[in-house]
2 protein chains.
Amino acid sequence: MGRPQTFDTADVVRAARATFWEHGYEDASMPRLEVSTGLRRSSLYHAFGSKRGLFDAAVTSYLDEVVRPRLAALTAPDVAPDAVIDYFAGLRAALASPGTVQAESGCLLINAAGAPIGKDPVVRETVAAYRAELRTAVRAGVVAHFPDRSAAEHDRVADLCTALLVSALLLTRVDHPQALANLDAALDLLA
Amino acid sequence: MGRPQTFDTADVVRAARATFWEHGYEDASMPRLEVSTGLRRSSLYHAFGSKRGLFDAAVTSYLDEVVRPRLAALTAPDVAPDAVIDYFAGLRAALASPGTVQAESGCLLINAAGAPIGKDPVVRETVAAYRAELRTAVRAGVVAHFPDRSAAEHDRVADLCTALLVSALLLTRVDHPQALANLDAALDLLA
DNA sequence: TATGTTGTGGAACGATCGTTACAGAAAAGG
DNA sequence: CCTTTTCTGTAACGATCGTTCCACAACATA
């Protein structure tokens, strides 16, 4: 069997995820990743093949452990009438709490969209699929919240809320109050 | 007086602007900037002090020659009723025309927001001010387009259109059809 | 023409990037 | 025990980054 790993893979990916989240792919240097994960290059390369491999693992971890748990109530078979409200209110609270990665850096994938790494075809597709996943979940919440409205109206509100969401996540870094204002605008749309 | 410059500064800044626009600040290396501008490092450093100085000049050029001319009809003292429509339709046409920098890379400043350079305080403030400028212009257009609506409604529609705009510019790189769809959604709001 | 000043070309700088090579450590199986 | 396999630590790799230095070219002025 050979020598066993001295670290928990999920923990290391989470640590790397935080570093990519905070600094972006380009500025998350290997020395930085060594410090944040507590591993040496040799171990990281042995386990993930490359910096990019580690990033891909971080993205998967981000979707599974950050994005989808928060969307859970909107992607379940039965969606509560106020699940969308809870989603936007919960995200707002997360973005408003100082010191957290979310509040400081917004969204790992939205940030990647405009960065150099966003030119990579795989990353491109990942971000596009991520946005589509957000919009599907939001629409399900909108349907549950406005059951009497038409499908066209559901689409319209879902599109607007998703755009406000994307804008909020992008603006988190550069204009924090405005990011919160965008989430408030989404909550107004749902009132 | 010494030896005169052999190049037109505005032309060089425009060339550098296109490079920063396409590749982002981080991946716009000095060799690349030398090729795109047709100048050697020594001339670039002599004229702009640093890569960052050239970037700042490119940003100023971007605002003055790309952003504000397109916003002109919305920032004038008298705003035509359909000026907002024209703005979003014109931007949609620009993003839809293949081969252009706009269509390939969206917006220089929006892209900078999520990239590592977006952590710089000055860039942060520049992007925030840029978004505010967009929102002010859009609101003026909304007021002219819906003169009978309330101020609160003006704010609401302006906020939504601005978010759709920001989202569209961000998504241009990663999901081009969706970027156009966001601009269409803004046009629907104004119909 | 001689001098002073400014712009350009070319080469090199030190620093840092992501990646790799290799020896030793820690387990399982013979 | 010894061998095999897997993981880790150290050190280095070549490449590229942004920046600087310096000699020379091109102008204005005296």
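Values reported hereafter were calculated over all heavy atoms of this structure, with side chains retained and with hydrogens, waters and symmetry mates removed. So you know, we letter chains A, B, ... as the sequences are listed, proteins then strands, and number each from 1.
Taking the ring pair (Phe, Tyr, Trp, His ring centres under 6.0 Å) definition, one finds that B:F48 meets it with nothing, sequence neighbours left out. Among residues two or more places apart in sequence or in another chain, the side chain to side chain contact (heavy atoms under 4.5 Å, CB included) test is passed with A:R14 by A:D8, A:A10, A:D11, A:R17, A:S61, A:E65.
With rounding to whole Å, A:D27 atom CG is found 19 Å from C:dA15 atom P. Between the NE2 atom of A:H46 and the P atom of C:dA25 there is a distance of 18 Å, rounded to whole Å. We find that CZ of A:R32 is positioned 10 Å from P of C:dG18, with the value rounded to whole Å. Rounded to whole Å, the distance from NE2 on B:H23 to C1' on D:dG18 is 18 Å. As rounded to whole Å, 13 Å separates atom P of C:dG18 from atom CD of B:E26. Spacing between atom CG of B:L44 and atom C1' of C:dG10 amounts to 14 Å, rounded to whole angstrom units. Distance CZ (A:R40) to C1' (D:dT6): 19 Å, rounded to an integer number of Å. Counting to the nearest Å, the P atom of D:dT5 and the CD atom of A:Q5 are 19 Å from each other.
Under the 4.5 Å side-chain criterion, counting only non-hydrogen atoms from C-beta, A:C107 is in contact with A:Y130. Using a 4.5 Å cut-off on side-chain heavy atoms (C-beta onward), A:E22 and B:K119 make contact. The shortest side-chain heavy-atom distance between A:F88 and A:L189 does not fall under the 4.5 Å cut-off.
For the OP1/OP2 pair of D:dC7 and a distance below 4.0 Å, the side-chain nitrogens and oxygens of A:S43 include no atom meeting the criterion. For C:dT8, the OP1/OP2 oxygens have a side-chain nitrogen or oxygen of B:T6 closer than 4.0 Å.
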Query raised in the report: Tell me, for nucleotides 19-29 of chain D in 5' to 3' order, what letter each nucleotide earns: B for a base near a protein heavy atom under 4.0 Å, S for only sugar-phosphate near one, - for neither?
Result: BB----BBBS-
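At distances below 3.5 Å, at least one donor-acceptor pair connects side-chain atoms of A:H154 with backbone N or O atoms of A:F146.
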